[in-house]
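The structure under discussion appears below in the form of structure tokens.
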There are 2 protein chains.
Amino acid sequence: MMNTPKTKNISNGSHNIWLIEDNAHFRRTMQWLVNRAPGMKCTHSFESCEDALIKLKEEELPEVILLDINLPGMNGIQGIEKIKLISPETYIVILTVYDDNDKVFDALCAGASGYLLKDSAPEKIIDSIEEALAGGAPMSIQIAHKVLEIFSQLKPKKSDYGLTTREKELLQLMTIGLSRQQIADKLFISFHTVTTHLKNIYSKLHVNSKSGAISKVYKENIL
Amino acid sequence: MMNTPKTKNISNGSHNIWLIEDNAHFRRTMQWLVNRAPGMKCTHSFESCEDALIKLKEEELPEVILLDINLPGMNGIQGIEKIKLISPETYIVILTVYDDNDKVFDALCAGASGYLLKDSAPEKIIDSIEEALAGGAPMSIQIAHKVLEIFSQLKPKKSDYGLTTREKELLQLMTIGLSRQQIADKLFISFHTVTTHLKNIYSKLHVNSKSGAISKVYKENIL
DNA sequence: TGAAAAATACCCTTATCGCGGTATGGGAAA
DNA sequence: TTTCCCATACCGCGATAAGGGTATTTTTCA
């Protein structure tokens, strides 16, 4: 009879930390760093997610995994998902040199609890592990800034472009893939009227094709 | 001739902090707390956004504003937007008792740089102001946790439709509104090849037009 | 009530698209 | 090794779209 897997402290009461990092030198440095922090023990380190996943299936689960993104084989983002499937309670903290918005976004969406850059000060890394253990979201300051950027991009824009009600209606029908004739039939107006409206819409949106208009609608949350 | 408004240190070199908070007792406590922190000066405090906005138009702009959410008149979220219009470089840190996901989401989308709960330790609040000044995103641990929750809800479940890499590439170019010839030029392939690819893409996506395909891409997060 | 804005309709020309084919070379899988 | 998939390329036809007009009717609102 199997119990639901649970993370737990290792025998001596220390927090159980794992490390997934392909650079051997950095891996050893990090392992040393974690082990010299009071109350933490880096019980395992791996050079790939694949290796870590094998161990996850046979071992006591770690409380925190420090995870690189650029790894041979499975990358860190994919790794998060796999790890979370086996051990949903493990806090995963990304430790990488990559700081582009997409990576940050993907990692956090996939279930990472934190995101640190490798140039972080050693004590900052240890603090961050503790913050993760406390249920927080430790981030390098640059990453925190990117998170704010991501949020501000999520803000629904009210860019209107001065479209009239009717024009928005046409645009709406366009987005579901209708042709001009189909739109005309649906709205009981002439094909030529639809053409005129579309001309005006394109001019207001500064596009010159149906596809451009539809893209703009979705990208800028028009309608 | 007016210059673009800039935030700046006040005369003695301290950081200029403002406070918007309707509870008079808490406001005085916070003001005292900030003023006793080295390098910080709470030059003004207000009990409503409206009052603060008036002052913003005639004064040197603050570097940080500590902002309550539940305020008489204009609430804090609306306040953020108004303040950012006048002083986009001011860091706004929310300081409130409300910790529901919607408030957090709205505040961060509106441009808040941080989000603290009022039960935060005084030194944590001062640290957070410094973190905001450094370009970070200070948050109470409960809020950080909620931010992670919000991200995990944003996770797009991508549908696949078995598109090949090349087909996804074509689809990508389609979504920015390019015509077949433009795509061909961009990818250094023949117009006819583009046509063939599009045919296959339509068939896989079960659509029969460019607009239908683009709509599907955005609605179902393909790519 | 009168001007402005919006919605309607039509014409013409050229460009692009959708769809039915066919075909070939390369690489991966079986 | 042989089959299958992918990416490549081409043809033709009819439909649809884009861009340039002009013009009338209806609505809105100052």
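Letters go in sequence order (proteins before strands), and every chain restarts at 1. Just so you know, these numbers use all the heavy atoms, side chains as well, and skip hydrogens, waters and symmetry mates.
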Taking the side chain as every heavy atom from C-beta outward, state whether [X] and [Y] have any pair of such atoms under 4.5 Å apart.
{"X": "B/Ser113", "Y": "B/Ile92", "answer": "no"}
{"X": "A/Glu60", "Y": "A/Asn16", "answer": "yes"}
{"X": "B/Leu171", "Y": "B/Glu167", "answer": "no"}
{"X": "B/Thr90", "Y": "B/Glu63", "answer": "no"}

* So which of residues 162-172 of chain A are in contact with DNA chain D, with a heavy-atom cut-off of under 4.0 Å? -> none
* Asked: First and last nucleotide of DNA chain D touching chain A, 5' to 3', heavy-atom cut-off 4.0 Å?
  -> D/dT16 to D/dG21
* Bracket notation of DNA chain D in which parentheses pair within the strand, [ ] cross earlier pairs, and | pairs with another strand (Watson-Crick or G-U, under 3.5 Å) -> ||||||||||||||||||||||||||||||
* Is the closest basic N to carboxylate O distance between B/Arg27 and B/Asp68 below 4.0 Å? -> no
* **Cationic N near anionic O, under 4.0 Å, B/Lys186 to B/Glu169** => no
* Does anything in residues 181-200 of chain A reach DNA chain C, meaning a heavy atom under 4.0 Å, and if so which residues? -> A/Ile189, A/Ser190, A/His192, A/Thr193, A/Thr196, A/His197
* Structure fact -> Counted 5' to 3', the first and last nucleotides of DNA chain C within 4.0 Å (strictly under) of a heavy-atom of chain B are C/dT16 to C/dG21
Under 3.5 Å, sequence neighbours excluded: what are the donor-acceptor pairs made by side chains of residues 193-203 of chain B?
residue, atom, partner, partner atom, Å
B/Thr195, OG1, B/Arg180, NH1, 3.2
B/Thr195, OG1, B/Phe191, O, 3.2
B/Thr196, OG1, B/His192, O, 3.0
B/Asn200, ND2, B/Thr196, O, 3.4
B/Tyr202, OH, B/Lys210, N, 3.2

* Ring-face cation of A/Lys55 near A/Phe46 (centre distance under 6.0 Å, axis angle within 45°) ->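 The answer is no; the distance or angle limit is not met.
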* To do: Answer yes or no on whether A/Lys204 is positioned over the face of A/Tyr161, meaning its NZ or CZ is under 6.0 Å from the six-membered ring centre and within 45° of the axis.
  =>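 Relative to the ring axis of A/Tyr161, which defines the angle, A/Lys204 lies outside at least one limit.
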* Asked: More than 12 heavy atoms of other residues, nucleotides or ligands under 6.0 Å from NZ of A/Lys118: is that the case?
  -> yes
* Is the centre of the B/Phe151 ring less than 6.0 Å from the centre of the A/Phe151 ring? -> yes
* Asked: Going by atom types alone, do B/Ser45 and B/Trp18 pair a side-chain donor with an acceptor below 3.5 Å?
  -> no
* Between the side chains of A/Asn35 and A/Gln31, does any donor sit under 3.5 Å from an acceptor? -> no
* **Exam field: side chain A/Glu220 to backbone A/Ile222, donor-acceptor pair closer than 3.5 Å** => no
* Does any N or O in the side chain of A/Glu81 come within less than 3.5 Å of the main-chain N or O of A/Ala110, such that one atom is a donor and the other an acceptor? -> no
